[in-house]
Amino acid sequence: MEPNVAQPHGSLLAGLNNEQLSAVTWPNKSALVLAGAGSGKTRVLTTRIAWLLTTGQTNPAGVLGVTFTNKAAREMQTRLAAMVPVNVRAMWIGTFHGLCNRFLRLHHRDAGLPNTFQILDSADQLSAIKRLMKSLDVSDERFPPKAVQGFINGNKENGQRADVLSAGDPYTRKLIELYAAYDAQCRREGVVDFAELLLRSYEVLSANQPLRAHYQARFTHILVDEFQDTNRLQYAWLKLLAGDIGSVFAVGDDDQSIYAFRGAEVGNMRSLLTDFAIAEPIRLEQNYRSAGNILAAANALIEHNDGRLGKKLWTDAGDGEPIRLFEAHSDVEEAAFIVDEVKALEREGWRLSDIALLYRSNAQSRVLEHALVNAKLPYRIYGGLRFFERQEVKHALAYLRLIANPDDDNALLRVINVPARGIGARTVENLLAIGREQGVSLWQAACSGGAGRAAGKLADFVALIESLRAKRDDALLTLAETVSLAIEHSGLKAMYEADKKDGEERLANLDELVNAAASYMPDEPANALVEFLTAAALEAGEHQAEAGEDALQLMTVHAAKGLEFSAVFVSGLEEGLFPHENSMAERKGLEEERRLMYVAITRARRRLYLSCAQSRMLHGRSSYPLRSRFLEELPEALLKFLSAKPAPRAERAAWAQPAATPRPTRSANLGGWRIGQSVEHAKFGLGVVIDAEGAGGDDVRLAINFAEHGIKWLDLRYAKLNPA
DNA sequence: ATACTGCGGCTTTTT
DNA sequence: GCCGCAGTAT
C-alpha cells in the first residue's frame, strides 16, 4: 500500500482489508486477482475503477469494464455511480456481447454489416440452421441441428472460420461446409449470432490497424469480472485490445470455474500470468460470508482437485454450526425431510427467501416442488423460460423485426402464418424455392407475388407489414405505439383473446412487452426500434420476476453461483447425479463437478444441509445410487448426521476412504460381471468395467471405460457385452 | 389446420 | 416419468 496515494481517498478505501486494498490500488500494470467466494470481488472491481478515476490516473473513456452477465454489468455501474460522480452509461462497462455489439454498431461499415443488423439468440440460430439444412437437403438424422450449432459456435469461439478448417473425414467436411453456408446465410440476411458478435469484433480489430491503435490507446485500463469463465476468443479479444500499452485487471476464481462445458478455459488464468508478465496473483482469501465450518468443508473438498492456483478461505467470524447431513431412503423422503427442516427454520424466524434448495439438475426440482406444494410452503423457482423467450413475445418481436428489416427470413417464417392466415406449408415451400433460385429474401419473393393459389393471402401479408412500416414512419409513432400497433394489427391479440387455455397469460405478457417498450430509453431515439430489438436479444430478461412474497429459493447449483443464503440445502448428493455421470466421460469432468460442489457449499452463510437418497426415480425407473464421493471428501469432524436411521457402522467405516479406489456397489449383483473385468462391445470396442448401479436382476447398469470412446454407462438389458 | 399419439431422449447455460 | 417433436388421423 502506498500511503501517499491512499490517504486522500480514505472514504473510498475505508474498510478494505490489506489484500483488497493492494488490489484496488495496484499500480498501472496487469494483475490477476484470485478472488475467493464471498471475498468482496465486486467491491474490489468497482472501487478500483473509482480509485483510478478519482486519482486522475484515467478518465471514464479510458476504462473498459467487462462482465459476463447483464446483471453483473448493471451492478458494477450502480455501485460505481454511488462512489463517483460520473455518467456510467457513457462508460464502456458491459458484457462481452454488449460491448461487441456497441463496437459493431459504431463500425458497422468496417465490419461489413448493415446498420440495422439484428442478433439471433440461440433458438433463432437453431431455427436458421434447420432452415439452412432443409434448403441444402442435409439429413437431420445424420447431422442433428443441435450438433451443427455446437460445431459452428465452438469453432467461432476458437476464432476459426470455416475457410481455415479442414478435415480428413467426410462427416467433419460436411460440418465445415454447413458452417460456411450458415455464415453466408447470416450475411445475406443481415443477422449475427452471439458468437459472431465477438468473432466479428475481433476480426475487425485485427484487420484494421488504425482502428485497433485507436482503441488500444483509448482503453488504458481493462477490467474483467469472472475471468475464469472466459473462452479462447474472449481472451484473444482482451489481449488484442490491451495491446502493448493497456493493462488487464482480471478478477476470478479458478475454483469456481463451472462453465468449461460451454467453452470456458480456466487455463486463461495461467495464460494471463505469463502473457501479461504477472509475477503472482493477488489472493483475496478472507471470506465475509460463511461460518468457519462451512469454509473448512469447502477448503477440504476443493483440495482434491489438481492444478489449482491455490487458495484457502478463512474467516474471523467463528466456526458456527456443524454441517448437517441426511441420508434418506428415497427421494420422496429426502424432500419430506427438507420440508420439515424448512418449516422448523421458519418457526425459528428464518426468512424463506433467505433459504435455498439447490440441486444438480433441473429434473430434481419436481419431487421437491411436489412436497412443497403439499406443505403449502411458497417457493420461487429459477430457470425455465425467460420473458423474451416466450413464444408470444417472440412472435411479436418477429413482426417488429420485419418492420425494421423485412428481409429477415427467420422472422418472416416465424409469423407468416401466425395467426393462421391461409399461408400453408406449400406456399412457404414455394417462397423458399423462389428465394433460393433468384437469390432473394423470402420477403422479396413474397412481394413478387409469384406463388400460385395463395398469392392473394401473401399480398395481404405483405400489405400488413408495409402498412405497419408506413404507420410508424408517417405517423411518427413512439416505440411503445409501434409495438402495440403490431400486436393488434398482426392479429396476435385477437388470436390470444380467442385462446381459452393460456391466452390470458400471453396477453398479459404482450402488455408487458408494450410496457417494456414504453420504459425503454434508447441512446438514439431515431433508432429506438433496432436498439430495442437488440436489447431484447442480448438481455432476455428475468427468469421469473414475481417478487414480493417471501418464498423459498429453488435453483440449480449453476444458477446459484454468485448468490448467497443464510441456509442452503444441497440435495441429491449421489454418485451419478452429483457428480453427474455424464461428466465422468469428459476430461477433467469430475474436477468440474467438484468445483460445482464447492460453489454449492460456499453459497451458505450460517447453515448448510447436505442430503442424499438411497433410491431415486430417474428416467422413469428406480435407481439405487451410492452416496456421493464428495460427501466422503468432507472432514467428519465438521459433520452432524441427521438421518432417521444412520448408516450402519460398516458403511460408516468406508466414509473417509479415498475416492480413488473403486467402491463396492450396493448390490453385489453386477449381472455376472465384475469391476475391473475387460469386456468387448460391438460398437465401442474394448473396455473395462469400472462401476455399476441398479437393483440387480435385469436392472443393472455398468460403467465401462472404453479405450476408444471413454466412459459409458450401459444398461445390460440392451447392451451386448462379451468377455474380452 | 389441428389434435392426438407414439417415440426417443434425458446435465449444467449466458449472451 | 415427462417433455418435445414428428408424423398421422381427422
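All values below come from the heavy atoms of this structure, side chains included, with hydrogens, waters and symmetry mates left out. Treat the numbers as computed from the prediction; the structure is a model and nothing was measured. Throughout, a chain's letter reflects where its sequence line sits, starting with A, and its residues are numbered from 1.
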Review point. Rounded to the nearest Å, what distance is computed from the CG atom of residue A/L126 to the P atom of nucleotide B/dT15?
Key: 19 Å
Check your understanding: What nucleic acid atoms does A/Y259 come within less than 4.0 Å of, heavy atoms only: base, sugar-phosphate, or nothing?
Key -> sugar-phosphate
Point to revise | Salt bridge present between A/K156 and A/D193 (N-O < 4.0 angstrom) | key: yes
Review point. Whole Å only: how far is the CD atom of A/E369 from the P atom of C/dG1?
Key: 17 Å
**Study point:** Passing option when A/Q391 is tested against A/E389, A/H395, A/K394 for side chain to side chain donor-acceptor pair (under 3.5 Å)
**Key:** A/H395
Review point. Just wondering, more than 12 heavy atoms not from A/K561 lying within 6.0 Å of its NZ?
Key: yes
**Study point:** Those residues that, when tested against A/N362, pass side chain to side chain donor-acceptor pair (under 3.5 Å) (two or more places apart)
**Key:** none
Practice item. Based on the glycosidic angle (syn within 90° of 0, else anti), state the conformation of B/dT11. Key: syn
Review point. Under 4.0 angstrom, heavy atoms only, what part of the nucleic acid is A/N70 near: base, sugar-phosphate, or nothing?
Key: sugar-phosphate
Exercise for review: Measure from NZ or CZ of A/R386 to the centre of the six-membered ring of A/F388, then state whether that distance is under 6.0 Å and the direction lies within 45° of the axis.
Suggested key: no
**Study point:** Protein-nucleotide distance (A/D225, atom CG; B/dT14, atom P), rounded to Å
**Key:** 16 Å
Check your understanding: Please give, in whole Å, the distance from B/dT13 P to A/Q125 CD?
Key -> 18 Å
Review point. When the distance from NZ of A/K561 to P of B/dT13 is rounded to whole Å, what number comes out?
Key: 12 Å
Check your understanding: Can you tell which of B/dT12, B/dT14, B/dT2 lies closest to the side chain of A/R262?
Key -> B/dT14
Check your understanding: Between C/dG1 atom P and A/Q364 atom CD, what is the distance in whole Å?
Key -> 17 Å
Practice item. Kindly say if A/R386 contacts the phosphate of B/dT15, meaning a side-chain N or O under 4.0 Å from OP1 or OP2. Key: yes
Practice item. Rounded to the nearest angstrom, tell me the gap between atom CG in A/L618 and atom P in C/dC3. Key: 15 Å
**Study point:** A/L431 and A/I416, any side-chain heavy atoms less than 4.5 Å apart
**Key:** yes
**Study point:** Separation of atom CD in A/E592 from atom C1' in B/dT13, rounded to whole Å
**Key:** 12 Å
Check your understanding: Would A/D140 and A/K130 pass as an ion pair if we require N to O under 4.0 Å?
Key -> no
**Study point:** Sole candidate of A/R187, A/Q149, A/Q125 that passes side chain to side chain donor-acceptor pair (under 3.5 Å) when paired with A/Y182
**Key:** A/Q125
Check your understanding: When the nearest nucleotide of DNA chain B is assigned to A/A559 and to A/G424 on a heavy-atom basis, which residue is associated with the more 5' position?
Key -> A/G424
Review point. Which of these nucleotides, C/dG1, C/dC3, B/dT13, is closest to any side-chain atom of A/M617?
Key: C/dG1
Short N/O separations, protein against nucleotides 8-11 of chain B, under 3.5 angstrom:
| from | atom 1 | to | atom 2 | distance (Å) |
| --- | --- | --- | --- | --- |
| B/dT11 | OP1 | A/N582 | ND2 | 2.8 |
| B/dT11 | OP2 | A/N582 | ND2 | 3.3 |
| B/dT11 | O4' | A/H580 | NE2 | 3.2 |
| B/dT11 | O4 | A/E586 | OE2 | 2.8 |

Practice item. Look at the side chain of A/S122 and the base of B/dT15, then say whether one donor and one acceptor between them are separated by less than 3.5 Å. Key: yes
Check your understanding: Which whole number of Å gives the distance between the P atom of B/dT13 and that of C/dG4?
Key -> 16 Å
Review point. Under 4.0 Å: is that the gap between some side-chain N or O of A/R421 and OP1 or OP2 of B/dA1?
Key: no
Point to revise | C1' spacing across the pair B/dT12 / C/dC5, given as an integer number of angstrom | key: 23 Å
